[in-house]
Amino acid sequence: MLSIQTNHVGHSLIRIEDISKSYNLQDANGNTITNQVLFNINLTIDQGEFVAIMGHSGSGKSTLMNILGCLDTSTSGSYWLSERNVAKLTNDELARIRNQKIGFVFQGFNLLKRVTALDNVATPLLYAGIGRSQSRKQALELLRRTGLENFAMHQPNQLSGGQQQRVAISRALINQPPLILADEPTGNLDTQTSREIMSLFQQLNRDQGITIVLVTHEDDIAAYAKRLIRLKDGHIIYDKDNNTNTTVDKLSRTFPA
Amino acid sequence: MNFLAIIGEALRALRQNRLRTGLTMLGMIIGVAAVVLMLSIGQGAQTKINQTIAEMGSNLFIVVPGATSSGGFSFGSGSIRTLTIHDAQAIAELPIISATAPVISGTAQLNYAAKNWSTIITGTTPDYFSVGNWKIESGTTFTESDLRSANRVVVLGSVTAQNLFGDEDPVGKTIRITNRPFLVVGVLMAKGQSLTGRDQDDNIFIPITTSERQITGNQFPGSIRLMLVQCKSADEMDIAEIEITQLLRQRHRIAKGKENDFTVRNLTALADVATGAAKVMSMVLGAIASVSLLVGGIGIMNIMLVSVTERTREIGIRMAIGANQRAILTQFLLEAMMICFMGGLIGLLLGIGGAWVVSQVADMLIVITLGMIGLAFLFASAVGIFFGFYPAKKAASLKPVDALRYE
Ligand SMILES: Nc1ncnc2c1ncn2[C@@H]1O[C@H](COP(=O)(O)OP(=O)(O)OP(=O)(O)O)[C@@H](O)[C@H]1O
Ligand SMILES: [Mg+2]
């Protein structure tokens with residue numbers, strides 16, 4: 001097994017320093033109460049890593065992921081993505097980063113309703129400025145690789161959960177981003193389907209060197225990752241290599257590369 | 001970001017949500033169609049009245065025998081015979097007056113070949129046609145010499161000509177009026193209904209002298225039923241009225257303090273009343289139209305607001321996969337514009353179609369102007385585009401995470 005060097009300053013894909021996040025809420029009497037969700041998080045993730053972030057519900061996993069994905073901003077601290085200070089980027093630059101550098105996979109799939117699988121996968125290419133027919137060609141190719149070419153013209157509500165998630169993963173991959181962020185990608189799927197999705201991630205990480213950051217609260221899902229981070233009440237309580245990594249070679253038939 | 005791709009995205013979103021698209025368009029269609037229909041009816045009525053007034057002849061007085069009744073206007077007090085042809089000639093001598101036309105009238109039985117027709121016969125002078133703004137369709141009017149010689153010549157109204165002659169050309173033919181032969185010298189162009197709704201084209205005109213001696217007869221020779229008086233300029237109507245009154249009082253030897261035995265009515269003032277009424281009607285229809293436009297606008301607004309708010313999550317997804325604000329706003333703006341233009345176009349066609357149906361069924365004049373089309377289109381589009389765009393702008397300026405979390 002490849003051993004992962006953490007905190008390798010200089011070539012890191014993701015580097016966050018002292019990130020905190022708090023929400024201001026109004027209580028019943030109209031007083032403002034501050035709810036701090038993340039406390040001084042420090043984290044470095046290098047290109048090619050496969051990281052699972054674990055923790056109980058409410059521990060701040062999604063909050064951290066949204067900050068990593070440039071979907072949300074932190075209250076304090078700094079975030080370098082590919083050595084660029086995210087706080088200094090304009091909205092347009094952030095949109096371009098989400099388009100080119102990051103692929104998102106959500107628990108609830110977040111596919112565009114009433115849009116075919118093919119067009120769902122192709123949409124990020126449109127925002128990258130690529131014409132529709134070229135986009136569709138590439139999207140179809142990707143759907144073929146994830147075993148969904150027969151479902152290209154199906155709309156999300158005509159697909160199973162596992163199929164929807166594979167469409168979402170294809171969409172995340174279409175711009176060949178170096179980073180995939182997946183927030184509980186198997187949360188809505190059964191055990192067998194979860195295993196198929198995880199082996200797909202593992203394959204992408206192993207064969208294409210794509211960095212994968214995954215949120216889960218299930219140990220057997222986290223076991224596919226090479227590095228485990230546990231959050232508790234907004235603090236990292238451990239961050240370690242996973243030496244008992246689950247391999248999926250026996251499943252690779254299901255997903256021809 | 002690729003503009004063509006975004007047009008495609010907008011079109012696809014419209015097609016994928018047929019119900020929403022249809023409902024929004026419906027508001028637009030109703031608003032625009034109602035405005036076009038209402039305004040075209042109002043405008044048509046006004047135009048029709050203006051035409052009738054213009055055809056009536058300009059700067060006209062009508063002088064009738066008998067005192068003015070207390071209410072002001074009163075037509076048809078023809079039993080008193082105080083006005084004469086000589087009064088008309090005297091008034092025509094006034095420098096402020098361009099012409100006068102004395103009129104005696106009655107009904108007459110007409111024959112041509114095997115056809116019979118009964119109509120109103122007007123005995124008058126050749127000036128009648130210019131004063132009353134009548135135009136000749138074929139032939140000529142009768143002349144001063146016809147008048148002097150009391151010739152048996154007749155000018156036919158268009159409806160009368162049609163009824164007696166059909167497709168035949170009446171000019172040069174001889175018809176019988178109460179069994180006396182008359183030569184048809186001309187046929188008038190149609191004028192349609194008068195302000196009071198009377199058909200002005202079913203009538204015939206002969207020299208007043210001929211009429212008096214041979215047709216209508218006259219209990220009091222020289223007396224007339226009414227006269228038309230045309231003033232030279234619209235600005236001098238008030239002075240002309242005073243001069244006519246003074247002259248007639250003098251000629252009729254009416255002592256100071258005694259009531260007039262005639263009435264002078266300013267037809268232009270009468271026309272103003274009719275025009276005013278048409279304007280009021282136009283305004284009422286315009287108000288109804290504005291209400292429909294407002295209702296249509298509120299319909300568009302509601303559906304746009306609901307649909308765009310409902311799509312906050314979609315906006316979040318699009319931002320997560322790399323859409324920048326401009327791409328999202330362009331798409332929503334295009335969607336709103338397409339809905340408005342398509343709905344507006346359909347509404348326009350429906351409105352014009354409806355106006356056509358009304359004009360056929362109710363036999364009304366319908367006038368459609370670019371102005372009213374533009375007004376309806378602009379208002380509805382402004383509403384649609386604003387309420388399609390503004391909530392989208394709000395959603396697009398959210399943090400992506402907030403748009404994504406939107407339920
Ligand atoms: N927009 C928000 N406004 C206020 N509080 C929020 C908001 N988003 C998250 N929180 C709070 O932040 C805390 C952490 O939420 P987060 O979604 O990161 O948890 P999580 O670890 O992903 O949980 P789960 O496993 O259930 O998804 C929770 O207590 C939540 O109530
Ligand atoms: Mg979560």
Does [atom1] belonging to [X] count more than 12 external heavy atoms closer than 6.0 Å?
X: A:Gln176; atom1: CD; answer: no
X: A:His56; atom1: NE2; answer: no
X: B:Leu370; atom1: CG; answer: no
X: A:Lys137; atom1: NZ; answer: no
X: A:Lys101; atom1: NZ; answer: no
X: B:Tyr390; atom1: OH; answer: no

Between [X] and [Y], what is the shortest heavy-atom contact and its length?
X: A:Tyr127; Y: B:Gly322; answer: CB-O, 3.7 Å
X: A:Cys70; Y: B:Pro400; answer: O-CG, 4.4 Å
X: A:Phe106; Y: B:Ala320; answer: CZ-CB, 4.2 Å
X: B:Ala323; Y: A:Ala95; answer: O-CB, 3.7 Å

N-O pairing of B:Glu314 and A:Arg114 below 4.0 Å: no
Would you check if [X] and [Y] make a side-chain contact, meaning some heavy-atom pair closer than 4.5 Å?
X: A:Arg132; Y: B:Leu4; answer: no
X: A:Arg171; Y: B:Ile317; answer: yes
X: B:Gln16; Y: A:Val115; answer: yes

Starting at [atom1] of [X], measure out to [atom2] of [Y] and round the result to the nearest 0.5 Å.
X: B:Met319; Y: A:Arg98; atom1: CE; atom2: CZ; value: 7.0 Å
X: B:Arg12; Y: A:Thr116; atom1: CZ; atom2: OG1; value: 6.5 Å
X: A:Thr123; Y: B:Arg318; atom1: OG1; atom2: CZ; value: 6.0 Å

Where does B:Arg405 contact chain A at under 4.5 Å (heavy atoms): side chain, backbone, both or neither? side chain
Among A:Asp119, A:Ile97, A:Asn91, single out the residue with the greatest number of heavy-atom pairs under 4.5 Å to chain B. A:Asp119
Which portion of [X] sits near chain B, non-hydrogen atoms under 4.5 angstrom:
X: A:Ser62; answer: neither
X: A:Ile102; answer: neither
X: A:Asn66; answer: side chain
X: A:Leu94; answer: neither

Do any N or O atoms from the side chain of A:Asn99 and from the backbone of B:Ile321 form a donor-acceptor pair under 3.5 angstrom? yes
